[in-house]
Structures are given as structure tokens and as C-alpha cells.
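Heads up: the structure comes next, in C-alpha cells.
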Amino acid sequence: MTQVGLFFGTTTGKTANIAEMIQDGLGGADVVSVAEIHEVEENSELLAYDCLIIGCPTWDIGELQSDWDTFFPNLDSIDFSGKKVAYFGTGDQIGYADNFMDAMGILEAKISEKGGATVGQTSTEGYEYESSKAVKDGQFCGLAIDEDNQDDFTDERVSAWITQLKSEFGL
Ligand SMILES: Cc1cc2nc3c(=O)[nH]c(=O)nc-3n(C[C@H](O)[C@H](O)[C@H](O)COP(=O)(O)O)c2cc1C
């Protein structure tokens, strides 16, 4: 049975690649269903899973990627109580140091306000940026991937996060 629903948005494909790595790492399509958020027609599609993974790059200086931006108002009418929710983002810590990963923080704030229990927090060590809405209590609220400047670290960051999620999701 598919236990995890992964929903992401992407404009230039980097977040899609990370979504695929996460799906493969967690056990493939039997374990994780992957969909682009613009494909979602009914809000209830997000509630078909006990565990959710939400992926979003930050665009336009601190904004949600456009597909998530369109979907965002729907989140207000979804009750995420009882769901474990993990987040990942892609961004550029050098080009956009004042808004690094903001989109991940914006989505986490809204979904946790609607009852989702956040899992998958990671350390900010090894990143250089000025400000990020994704930092909560000294940690990133999810996995931060920077393909623009630190693609050498991507495999190891994704792989460590998969190990963490297997435990926190109870897979
Ligand atoms: C015009 C523009 C604005 C961006 N704004 C931000 C930003 O505010 N914060 C950030 O962390 N990254 C920012 N980025 C970097 C993208 O988030 C990064 O390249 C991301 O991996 C793209 O994901 P995608 O290929 O899935 O669309 C921006 C990139 C561009 C071209």
C-alpha cells in the first residue's frame, strides 16, 4: 500500500529531480506516490496518505513557486490533523541569501497551522545565507537543497534525510 504522498512544484525541473530521488530512496512507487501540485484536482487527494512530503522551490525573491502559489489558498480548507508532514525545498543561498528557502517556511507555517505535525527538520550547518523563513527554532523545518551552489552535497543530504524520514514516518 502506498503510504506516503509527495506533492511538489517546479519551474525549471530541479525540485522534480529531488522528488524522484526521494521516491526511489524511500522504496519507489509502491511506497511513495508523487504528483505535481498543479495536477491535484480535489483537496482530498492530499488526505489519502498518513504521511506527506511537500516540495517547493523559492522563486521571485521569497515567493512560492507559481504552482504552489496558485494552490496555496486551498490549504485553508484542508484539515491536516493526524498527518505527519515533511518538507523539502530547493533554492540559491548565494543569489538569494536574504530569502533562502522561504517557500518551504511559508508552506510549513500554513500546513502546521492547519494541524499537520512537522517531521524531517535538519541542521543549518554547512549553509551560508542571511535570512530564511524556513528556519524555526534554529533548524530548517525540512530538507534544504541548493543545486545552484552545492550540488556536490545533494546525494548525501538526500540520503541522510531518507534515513531520518524512514524512522520518523515509521516506514
Ligand atoms: C528569478 C529567480 C528568483 C529566485 N528567488 C529565490 C529566492 O528568493 N530564494 C531562494 O532560495 N532561491 C531563489 N531562486 C533559486 C531557485 O529557487 C532554484 O534555482 C531552484 O532550485 C529552482 O527550482 P525548480 O528548478 O524546481 O523550479 C530564484 C531563482 C530565480 C531564477
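All heavy atoms count here, side chains included; hydrogens, waters and symmetry mates do not. First listed ligand is number 1; within each ligand, the first listed atom is number 1.
- Taking atom 12 (N) of ligand 1 as the reference point, the nearest protein heavy-atom neighbour is Asp92 N, 3.2 Å.
- In this comparison of Thr12, Thr11, Asp98, Asn99, the heavy atom closest to atom 9 (N) of ligand 1 sits on Asn99.
- Within the 6.0 Å centre-distance limit, the rings of Tyr129 and Phe140 are counted as a close aromatic pair.
- Under a hydrophobic clustering in which Ile, Leu, Val, Met, Phe, Trp and Tyr are joined whenever their side-chain heavy atoms come within less than 4.5 Å, directly or via other members, Leu143 and Ile162 fall into the same cluster.
- Each of Asp151, Asp148, Ile145 was compared with Lys14 under the side-chain contact (heavy atoms from CB on, under 4.5 Å) criterion, and only Asp148 meets it.
- Near Met101, the atoms of ligand 1 lying under 4.0 angstrom from a non-hydrogen atom of the residue are 11 (O).
- Residue contacts with ligand 1, taken as heavy atom pairs separated by less than 4.0 Å, do not involve Asp146 at all.
- Crowding of Glu130 atom CD: a count of heavy atoms from other residues, nucleotides or ligands under 6.0 Å not exceeding 12.
- Among all non-hydrogen protein atoms, the one lying nearest atom 31 (C) of ligand 1 is Trp59 CZ3, 3.2 Å.
- For atom 18 (C) of ligand 1, the closest non-hydrogen atom on the protein side is Asp148 OD1, 3.4 Å.
- Residue Gln139 qualifies as enclosed at atom CD: its count of foreign heavy atoms under 6.0 Å is above 12.
- Protein heavy atom in closest approach to atom 17 (O) of ligand 1: Thr58 O, 2.6 Å.
- The contact set between ligand 1 and Phe100, taken as ligand atoms under 4.0 Å from a residue heavy atom, comprises 11 (O).
- With Gln65 as reference, Thr11 is the one residue of Thr58, Thr11, Asp60 to meet the side-chain hydrogen bond (donor to acceptor under 3.5 Å, both in side chains) rule.
- Proximity to Gly62 (heavy-atom distance under 4.0 Å) selects the following atoms of ligand 1: 7 (C), 8 (O).
- Closest protein heavy atom to atom 1 (C) of ligand 1: Tyr96 OH, 3.6 Å.
- Salt-bridge check for Glu108 with Lys136: passed, with a basic side-chain N closer than 4.0 Å to an acidic carboxylate O.
- By the criterion of a heavy-atom distance under 4.0 Å, neither the backbone nor the side chain of Gln93 is placed next to ligand 1.
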